[in-house]
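Take a look at the structure set out below.
Only a predicted model underlies this, so the values are computations on that prediction, with no experimental measurement involved. Chain letters run A, B, ... following the sequence lines, proteins first, then strands; residues in each count from 1.
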Amino acid sequence: MNKEARLKASINQKLTETGERDRLKELLRAKLTECGWKDQMKAQCKDVIKQKGLEHVTVEDLVVEVTPKGRALVPDSVKKELLQRIRAFLTQHAS
Amino acid sequence: MSPAGCPHVNSFKVDNWKQNLRLIYQCFVWSGSAETRKRKAKSCICHMCGAHLNRLHSCLYCVFFACFSKKHIHEHAKSKRHNLAIDLLYGGIYCFMCQDYIYDKEMEQIAKEEQRKAWKMQGLRGLINLGNTCFMNCIVQALTHTPLLRDFFLSDRHKCEMQSNSCLVCEMSQLFQEFYSGHRSPHIPFRLLHLVWTHARHLAGYEQQDAHEFLIAALDVLHRHCKDDNGKKANNPNHCNCIIDQIFTGGLQSDVTCQVCHGVSTTIDPFWDISLDLPGSSTPFWPLSPGGDLTALNGESHATGATTLMDCLRRFTRPEHLGSSAKIKCSGCHSYQESTKQLTMKKLPIVACFHLKRFEHSAKLRRKITTYVSFPLELDMTPFMASSKESRMNGQYQQTVEAFNNDNKYSLFAVVNHQGTLESGHYTTFIRQHKDQWFKCDDAIITKASIKDVLDSEGYLLFYHKQFLEYE
């Protein structure tokens, strides 16, 4: 594994160990619901299901179709806030 | 995704499959304890490429983790003919034969229970702000993490005798159950708010209120509603044996000494909190009267010049000349004489709350005092005890003996902070879990905090509990 991958892995480890990852997930969940993103995604999924047909659609279909739109629709403010919190966490645990 | 379920799970549902599945959820999906989290952090990487993201899955038939995005888990499923895998992020079960995520009733049930369990251990839950209600939220966080109070409510010891639904103790009990229920979503304390408005009219309305006032009002109502629990009423209506009194009530001794005959008149009043004046307020803080060599006891030095909690307590317990305009009738002299008054602690409560008087409401001035006051993680109240004062007056310096007396030692467990101005501000709380894990509670948002964050904060309400409670 190269240096960047190792760094990513150690950050992930720290986030998981301390439970911070779970808390950040909850925060993100709350923020995305608040700003209506979750409802937008629901609508997108419904469209894909209509398109492919209820009997034939798989979770993988939804993932492939909806993921890129989902990523693009996350508001900048939410991204900023998460980034801020992760930074704060890293500063705290820098060693 | 057939609603009839996947037929391929039947080969999995043999022997001790339920317990095995639970273990997988507990260890690798929803880790509840620090131990399982550590294990998860270490072992949950793709056995083929080492990645920890990429939709990691675990094989349900053997110990094998692999990523979904790069199809590594698919390779494993094909070669080993292990047809079921679990998504470590969301706990969904994937069947390689059906080529989709499946919904099996029994497995869903197990997943749900394990998820609840993982969060139940935390007792951490956010609180929705109902319109400037952070003054209430911050106190609720402190109370739900007060050790003995938590034990009292979680063991369901309140027997309600009130007819209507307006018992605050019942509502508190409900609140505690909610906090330790395992639900992760923020709680909406609308019933609590309504009860507070009903029982403490002066706090009603959607304006910003003072968290300290709310604390005292809440303790008062709880104390009143709790009194009905006791079969026997204590002689002193101010000191019954309810849980609030057991935990929060201390005794403050006030000694008034006549300057002429040196006779001392003593009264003891109950208290739930100690309100401390700060430097920068209109009441003078310095100079302190010579109070003996107390600086060494809590390992402090004044090199930095910052005011400490100990300074505030020293000032609180200093002898104060009452002046010629405030003469007291002395029973020894049978006339009005000048006197000095001194406050000391007669009885320490199990939970001590210190209120730093940051909000000045004098006739001309309404402002917030933002002077930094440093407070310790551990506090020894011995120098401020009535018994210590007596020993000093008798010429005995008992410091070395008292220092070993654990009963006066306290540990910080919650700090309420106020950010902003008198007109518009916001309350947040730091709470401590286990011995040294701190969290910041900001309405609905809970985040991990460092000890430094806590000790560097301004501090408005400081909650300490006696150290003999450290069993966690």
Side-chain angles (χ1 to χ4, degrees), chain A residues 1-34 38 45 48-49 52-64 67-68 71 78 81-95, chain B residues 1-3 28 30-45 49-53 55-56 68-69 87-90 92 94-95 98-103 118-119 121-122 124-126 128 184-186 433 437-440 442-453:
Chain A
M1 258 203 283
N2 64 13
K3 193 169 181 196
E4 188 187 316
R6 255 187 284 137
L7 189 62
K8 269 192 182 166
S10 78
I11 293 176
N12 175 63
Q13 202 163 324
K14 241 313 153 6
L15 282 171
T16 310
E17 257 176 39
T18 55
E20 185 68 5
R21 159 159 269 152
D22 291 325
R23 277 184 293 276
L24 286 172
K25 264 206 310 196
E26 278 317 298
L27 173 64
L28 182 60
R29 201 165 270 155
K31 290 275 154 186
L32 290 175
T33 312
E34 217 173 73
K38 187 168 151 191
C45 290
V48 177
I49 294 172
K52 304 265 176 173
L54 187 58
E55 291 301 313
H56 301 108
V57 71
T58 64
V59 174
E60 207 51 34
D61 289 332
L62 290 171
V63 170
V64 164
T67 302
R71 283 200 207 277
V78 176
E81 182 162 359
L82 257 298
L83 201 58
Q84 216 177 325
R85 286 195 194 270
I86 296 171
R87 270 210 190 100
F89 173 83
L90 291 175
T91 330
Q92 215 178 295
H93 290 265
S95 60
Chain B
M1 277 188 286
S2 161
F28 304 119
W30 290 305
S31 326
S33 68
E35 200 193 311
T36 51
R37 273 201 300 267
K38 228 178 178 147
R39 194 185 310 137
K40 173 173 175 155
K42 249 185 159 172
S43 52
C44 288
I45 53 172
C49 68
H52 59 265
L53 294 169
R55 291 170 66 193
L56 205 63
F68 194 94
S69 312
D87 179 344
L88 293 184
L89 210 55
Y90 300 108
Y94 189 87
C95 173
C98 298
Q99 291 199 1
D100 199 5
Y101 286 94
I102 55 134
Y103 299 95
W119 279 80
M121 294 161 72
Q122 298 277 348
L124 285 175
R125 225 179 142 180
I128 297 287
R184 293 182 291 170
S185 54
Q433 275 207 332
Q437 304 288 309
W438 285 89
F439 296 90
K440 181 176 182 182
D442 182 346
D443 283 331
I445 300 176
I446 313 278
T447 43
K448 184 115 183 35
S450 68
I451 290 178
K452 189 176 187 303
D453 290 334

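- For the pair B:K448 and A:F89, the cation-pi criterion (under 6.0 Å, within 45° of the ring axis) is not fulfilled.
- In this structure, B:R125 contributes its side chain and B:S185 its backbone to a donor-acceptor pair below 3.5 Å.
- If you measure heavy-atom distances from A:K25 to chain B, the contacts under 4.5 Å come from the side chain alone.
- Only the backbone of B:Q99 comes within less than 4.5 Å of a heavy atom of chain A; no side-chain atom from C-beta onward does.
- Contact annotation for B:A444: neither backbone nor side-chain heavy atoms come within less than 4.5 Å of a heavy atom of chain A.
- No donor-acceptor pair under 3.5 Å is formed between the side chain of A:T67 and the backbone N or O of A:V64.
- A salt bridge links A:E60 to B:R55: at least one charged side-chain nitrogen sits closer than 4.0 Å to a carboxylate oxygen.
- The parts of B:L89 that come within reach of chain A are both its backbone and its side chain, each placing non-hydrogen atoms under 4.5 angstrom from that chain.
- Between the side chain of B:K40 and the main chain of B:F28, a donor-acceptor pair closer than 3.5 Å is present.
- Only the side chain of A:E20 comes within less than 4.5 Å of a heavy atom in chain B; its backbone stays farther off.
- Of the listed residues (B:L53, B:I445, B:I446, B:D453), the greatest number of heavy-atom pairs within a distance under 4.5 Å of chain A belongs to B:I445.
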